[in-house]
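Basis for what follows: all heavy atoms, side chains included, without hydrogens, waters or symmetry-related copies.
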Amino acid sequence: MFPTAQEWADWLPDLLAGLSVSLKVAGASIAIGLVLGLALALGVMSRRSWLRALSLIVVEIGRGAPALVLLQFVYFGLPNAGLTMGSFAASVLALAWNTGAYTSEIIRASIQAIPQGQREAAMALNMSARAEMLDIVLPQALRIATPALLGFAILIFQGTTLCFTIALPELVSRAYNIGANTFRYLPAIVAAGSLYVAICLPASLLVMQMERRTARHAAK
């Protein structure tokens with residue numbers, strides 16, 4: 001069931017190469033997705049009905065469709081519209097869409113959690129709506145949203161396992177290849193899973209600590 005020490009030594013370079021691809025996909029998806037999520041959150045709260053409707057459509061499709069479906073749509077569907085891209089770019093685009101859709105709701109809820117009194121104070125100081133949002137609302141909202149955003153980032157990293165379905169040589173894909181070559185599928189998957197745990201467990205503990213800290217500040 002578990003890989004031997006010799007198997008670890010033989011497999012680790014290949015698995016680490018796959019882990020590097022997974023981390024790159026996750027990092028790019030999260031970076032793009034957070035920017036998209038902020039834009040969508042502001043779009044959903046916009047007074048312009050067309051912008052609000054467009055943002056809601058993007059959010060609901062990104063949240064309603066499973067990440068695997070988005071991956072298949074981007075990689076296999078877009079070429080029918082004349083837009084062909086490699087597995088890495090398709091993975092980033094699909095997961096960024098998924099990230100943006102979900103994080104937009106996290107950010108929007110955090111913006112709405114800012115006390116109305118602070119906005120009224122900004123109006124009393126004759127601040128513009130733009131200055132109010134950039135200088136007062138967003139800094140506090142993003143601080144509130146950070147634990148939830150980090151928690152979702154962990155899910156996106158785990159979600160990169162789906163990218164093996166479009167031939168991306170990420171960690172799970174490398175593990176399957178090792179299993180196919182050695183007929184040691186279960187130990188190879190266990191080895192890959194151990195690398196995921198080595199990253200996700202400390203990250204999850206960090207998120208829990210940030211959540212407790214945020215709760216303490218909110219209680220004061």
Side-chain angles (χ1 to χ4, degrees), residues 25-71 73-74 92-125 127-160 162 199-220:
V25 170
S29 301
I30 292 165
I32 297 171
L34 287 177
V35 175
L36 177 61
L38 176 58
L40 289 173
L42 297 177
V44 169
M45 294 187 297
S46 174
R47 296 179 181 177
R48 297 181 175 88
S49 58
W50 66 268
L51 180 57
R52 187 166 60 251
L54 178 61
S55 299
L56 281 171
I57 290 172
V58 175
V59 168
E60 292 307 317
I61 293 176
R63 294 178 65 199
L68 180 59
V69 173
L70 294 178
L71 281 166
F73 170 75
V74 172
V92 170
L93 178 59
L95 292 180
W97 186 357
N98 189 250
T99 300
Y102 277 97
T103 58
S104 69
E105 293 300 289
I106 296 173
I107 295 171
R108 184 168 67 89
S110 299
I111 290 175
Q112 293 175 339
I114 303 302
Q116 185 62 29
Q118 297 195 24
R119 299 189 175 190
E120 294 173 353
M123 293 176 61
L125 293 173
M127 295 180 68
S128 66
R130 176 186 175 87
E132 172 194 330
M133 181 61 68
L134 292 179
D135 297 336
I136 295 179
V137 176
L138 276 184
Q140 297 181 79
L142 293 177
R143 186 163 56 248
I144 295 171
T146 294
L149 293 176
L150 288 176
F152 191 78
I154 296 172
L155 294 179
I156 289 297
F157 171 62
Q158 294 172 339
T160 60
L162 299 173
I199 292 177
C200 292
L201 182 57
S204 298
L205 294 175
L206 174 62
V207 170
M208 292 173 59
Q209 183 179 5
M210 293 188 68
E211 287 176 341
R212 287 196 294 267
R213 186 177 301 174
T214 301
R216 285 198 301 268
H217 285 306
K220 292 181 179 179

(Q) I need the Ile144 CD1 to Gln112 CD distance, nearest 0.5 Å. (A) 11.5 Å
Q. Taking all atoms of both residues into account, what is the closest heavy-atom pair of Ala145 and Ile106, and its distance?
A. CB-CG2, 3.9 Å
Q: Among Leu70, Leu71, Val69, find the residue that satisfies the side-chain contact (heavy atoms from CB on, under 4.5 Å) test when tested with Asn98.
A: Leu70
Q: Measure across Leu34 and Thr103 and return the closest heavy-atom pair with its distance rounded to 0.1 Å.
A: CD2-CG2, 4.0 Å
Q. Can you name the residues that form a side-chain contact (heavy atoms from CB on, under 4.5 Å) with Ile199, not counting sequence neighbours?
A. Leu19, Leu23, Phe157
Q: Please lay out, stage by stage, how Leu95 and Leu162 fare under the test side chain to side chain contact (heavy atoms under 4.5 Å, CB included).
A: CA-CA 10 Å; Leu95 292 180; Leu162 299 173; 5.7 Å; no
Q) Do Trp97 side-chain atoms and Leu36 backbone N/O form a donor-acceptor pair below 3.5 Å? A) no
Q | Nearest non-hydrogen partners of Leu40 and Ser104, listed with the distance | A | CB-CB, 3.7 Å
Q: Please collect all side chain to side chain donor-acceptor pair (under 3.5 Å) contacts where either partner lies in residues 128-154, sequence neighbours excluded, each pair once.
A: Gln118-Gln140
Q. Tell me, which pairs form a side chain to side chain donor-acceptor pair (under 3.5 Å) where one or both residues lie in residues 54-65, sequence neighbours left out?
A. none
Q) How far does CG of Leu54 sit from CH2 of Trp50, to the nearest 0.5 angstrom? A) 7.0 Å
Q | Nearest heavy atoms of Val207 and Pro147, plus distance in Å | A | CG1-O, 3.5 Å
Q: Considering non-hydrogen atoms only, spot the tightest contact between Cys200 and Ile154 and give its length.
A: SG-CG2, 4.0 Å
(Q) Tell me the closest heavy-atom pair linking Val59 and Glu105, and the distance in Å. (A) CG1-OE2, 4.0 Å
Q: Could you grab the distance from atom CG of Leu42 to atom CD1 of Ile111, nearest 0.5 Å is fine?
A: 5.0 Å
Q. Could you give the distance from CG (Leu155) to OG (Ser204), rounded to the nearest 0.5 Å?
A. 8.5 Å
Q) What is the distance from atom CD1 of Ile32 to atom OG1 of Thr99, rounded to the nearest 0.5 Å? A) 9.5 Å
Q.
I need the Leu56 CG to Leu51 CG distance, nearest 0.5 Å.
A. 9.5 Å
